[in-house]
Number of protein chains: 2
Amino acid sequence: MRKVTIKDVARLAGVSASTVSRVLAGGAAISEDTCSRVRDAAEKLGYIPNTAARSLRCEKSRSIGVVLPDISGEFYSLCASSILKYARMVGYTVLFIESGRELEAERDGIRILLQHGVDGMIFIGGGSDGALILEASRSVPVMTGDRRVDNIPSVTFNNRETVRRLSNALYSAGHRSFLYLGESFNGFENLSERYAGFTDALSMKNDIRVTTMLEDSLHGDKLSVSFRLFCERIKDMLPDAVITSNDLIAQGIISASYKCGIRIPEQIAVTGFDDMTSSAYYTPSVTTVRQDADELSRLCFNGLIALIENKPTVSQILKQKIIIRDSAEIKEGEV
Amino acid sequence: MRKVTIKDVARLAGVSASTVSRVLAGGAAISEDTCSRVRDAAEKLGYIPNTAARSLRCEKSRSIGVVLPDISGEFYSLCASSILKYARMVGYTVLFIESGRELEAERDGIRILLQHGVDGMIFIGGGSDGALILEASRSVPVMTGDRRVDNIPSVTFNNRETVRRLSNALYSAGHRSFLYLGESFNGFENLSERYAGFTDALSMKNDIRVTTMLEDSLHGDKLSVSFRLFCERIKDMLPDAVITSNDLIAQGIISASYKCGIRIPEQIAVTGFDDMTSSAYYTPSVTTVRQDADELSRLCFNGLIALIENKPTVSQILKQKIIIRDSAEIKEGEV
DNA sequence: TATATTAATGCAATCGTTTGCATTAATATA
DNA sequence: TATATTAATGCAAACGATTGCATTAATATA
């Protein structure tokens with residue numbers, strides 16, 4: 001059962017390989033009769049063109065590489081799914097690389113992508129070395145999503161503005177003792193932007209108390225860590241509003257409060273980030289910020305394809321949406 | 001800035017392309033001197049071998065295809081991540097196909113994988129046509145994970161036994177009015193197995209009441225649907241134990257009960273399936289069943305590689321683990 | 001010293017497509 | 001009818017790597 005090649009099809013159809021190629025590609029001047037003979041032959045033999053040969057000859061692979069910190073994170077997995085969807089629509093394949101937020105893994109990953117001759121790359125999420133991305137962009141078109149690198153077209157969210165609005169809304173709702181609890185930035189620009197929005201809103205106010213905790217350990221298993229953090233330390237400082245950089249952290253806090261007998265939102269308002277599926281059904285449901293992963297992915301993908309086809313692509317900023325639920329009762333309109 | 005090829009390296013090192021190839025592949029008899037000259041040249045030019053050319057010549061791509069229903073599902077995304085990890089360890093790349101539980105998408109996906117000349121395929125999760133898998137296995141080695149197809153080596157879980165034990169434990173804990181709420185099977189063997197375990201345990205008992213609801217609509221947005229289902233219908237029939245086929249369904253029920261003023265676990269015990277991250281921190285935390293996605297992935301991947309290398313691979317069954325939490329207070333030991 | 005063996009390297013074919021150019025046959029134009 | 005034009009197809013050369021075989025030089029054996 002040998003692999004059937006274009007020559008086999010050609011032989012059966014009684015034409016040359018070139019003709020088969022042209023028929024299957026379409027758009028060339030081929031007689032009606034030949035066309036159908038070739039198609040029949042290809043059909044009958046179950047001919048499947050060999051991508052490796054095609055890539056080699058055309059010096060285009062119709063594939064792209066996507067680098068993300070961790071494909072099992074809810075947000076990233078949604079991006080992965082969306083990119084697969086959009087890629088399939090135009091006949092592209094996708095190679096995923098997990099950087100694991102580690103420089104070495106990312107460097108290897110990029111090298112693998114280049115070996116495979118991807119036509120372009122998308123870098124989603126931060127944490128990695130911008131220099132690496134910049135370097136990759138000298139071999140191949142590059143877009144970034146949810147992070148920025150100089151001179152690379154990107155699709156990002158308005159993190160800073162959103163958290164500013166959120167913080168102001170909490171202030172308007174009467175909260176005066178704030179805690180910001182989030183992952184340490186580690187080069188994640190979106191995280192530092194969120195925090196910047198927090199200070200934007202509150203640093204000029206003088207009738208409030210503000211505490212900040214940025215924890216490395218929150219990068220991993222956020223739920224259990226935030227749970228522990230809260231139990232160990234936060235109940236002493238008793239904030240009346242906690243802004244977190246992640247729904248899992250928020251959920252951890254809610255869960256911990258429940259164990260401690262602290263009522264949410266009556267005693268403490270808690271907000272998250274990401275609008276994870278479970279957040280809508282948590283008890284209490286989590287007030288959070290929604291980022292449209294599908295839209296991010298669509299714009300990144302289409303932008304990259306444009307670049308690949310030598311069309312221009314501009315950076316875009318997507319608006320996040322504050323989802324008001326039970327864990328923090330705010331009125332957005334007031335801000 | 002043209003792409004640098006093996007010939008460029010050869011020229012710079014003053015040897016033939018064959019020699020460069022052999023040096024870089026290793027294991028051939030090459031003089032120490034030549035070796036280092038070649039390596040230096042490759043390094044200096046930033047030579048990256050072209051995978052397409054290599055695949056074409058070797059008729060092996062060192063890549064595999066993975067077909068799963070939906071890469072953004074928590075369990076599947078964990079599998080994806082694990083497979084990427086194990087593949088990278090041995091220099092394989094992975095192409096993911098989302099079947100979306102649709103026959104046509106799956107057929108297309110398999111065709112794309114064959115075009116790309118993957119050396120093998122892993123099918124994870126059910127829903128699709130076994131015939132398609134069987135057919136694929138005639139072109140290329142195939143493993144299945146969390147689903148079975150005749151004559152294809154597989155890695156599965158002991159769903160039936162687990163749910164039998166779970167049901168018995170609930171019975172032992174005094175529950176007498178059972179509801180089984182799950183997705184309709186739709187060819188998902190793991191789902192029908194779970195239900196089979198349920199009937200195994202309870203069909204012979206005569207002092208109990210049993211209701212079954214298998215809903216198509218639960219395949220999509222489980223949380224909101226199970227929430228609605230519960231609100232509309234289940235509170236009338238008032239079971240004292242609900243076994244679900246999914247943590248999201250369980251969470252939906254818990255959330256709905258809370259709104260209705262029904263206390264869990266006091267009035268109704270609820271169990272889930274999958275041990276999603278959020279389940280440990282739900283209120284109340286969800287008693288559920290854990291399936292080791294990483295172990296499944298590891299065995300599937302290693303099994304597939306063995307097949308690719310013409311070594312034998314046997315099917316395996318992994319044990320699930322019942323995680324006892326607050327939403328259903330049972331003692332496992334009693335069963 | 002002549003011969004056999006081994007080590008190090010090069011030559012050239014091959015993998016399956018695509019595509020510029022040449023060729024042929026058919027048709028239109030003068 | 002001779003010539004120009006067009007349509008349909010084939011030829012053959014790439015694309016970049018690998019590898020069986022041939023070649024050469026160096027060393028070992030008799």
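Each chain gets a letter, A, B and so on, in the order the sequences are listed, and its residues count up from 1.
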* **Lys60(B) backbone acceptor or donor facing Asp119(B) side chain under 3.5 Å** => no

* Asked: So do Phe96(A) and Val67(A) actually touch side chain to side chain, heavy atoms under 4.5 Å?
  -> no

* First locate atom CD1 of Ile133(B), then atom CZ of Arg138(B), and finally report the distance between them rounded to the nearest 0.5 Å. => 13.0 Å

* With a 3.5 Å cut-off and no angle check, do the side chains of Asp33(B) and Ser31(B) form a donor-acceptor pair? -> no

* Could you tell me whether Val20(B) contacts a base, only the sugar-phosphate backbone, or nothing, with contacts defined as non-hydrogen atoms closer than 4.0 Å? => nothing

* Check the pair Val9(B), Leu12(B) against side chain to side chain contact (heavy atoms under 4.5 Å, CB included), reporting the backbone distance first and the verdict last. => CA-CA 5 Å; Val9(B) 179; Leu12(B) 181 58; 6.0 Å; no

* Length of the CZ-C1' vector between Arg62(A) and dT18(C), whole Å -> 15 Å

* Select base, sugar-phosphate, or nothing to describe what Ser18(B) touches, counting heavy atoms under 4.0 Å on all strands. => base

* When you check the side-chain N and O atoms of Asp294(A) and Tyr86(A), is any donor under 3.5 Å from an acceptor? -> yes

* Would you tell me whether Gln115(A) and Asn50(B) have side-chain atoms, one donor and one acceptor, within less than 3.5 Å of each other? => no

* Structure fact -> In short, Glu106(A) meets Ser99(A) closest at the heavy-atom pair CB-CB, 4.1 Å

* Mind checking Thr34(B) for me? I need base, sugar-phosphate or nothing, with any heavy atom below 4.0 Å counting as a touch. => sugar-phosphate

* Compute whether any side-chain donor of one residue and acceptor of the other, for Ser21(A) and Ser18(A), lie under 3.5 angstrom apart. => no

* N/O donor-acceptor pair under 3.5 Å between Ser77(B) side chain and Gly73(B) backbone -> yes

* Asked: Please give, in whole Å, the distance from dA13(C) P to Leu56(B) CG?
  -> 17 Å

* Asked: Does anything in residues 43-53 of chain B reach DNA chain C, meaning a heavy atom under 4.0 Å, and if so which residues?
  -> none

* Which nucleotide, dG16(C), dT19(C), dC11(C), lies nearest any side-chain atom of Arg22(B)? -> dC11(C)

* Which two nucleotides bound the region of DNA chain D that has atoms under 4.0 Å from heavy atoms of chain A, read 5' to 3'? -> dA8(D) to dG16(D)

* Side-chain donor/acceptor contact of Arg54(A) with base of dT18(C) under 3.5 Å -> no

* Structure fact -> So the stems of DNA chain D, runs of at least three Watson-Crick or G-U pairs (under 3.5 Å), are C:1-30 with D:1-30

* Side chains of Asn190(B) and Asn159(B), donor plus acceptor under 3.5 Å -> no

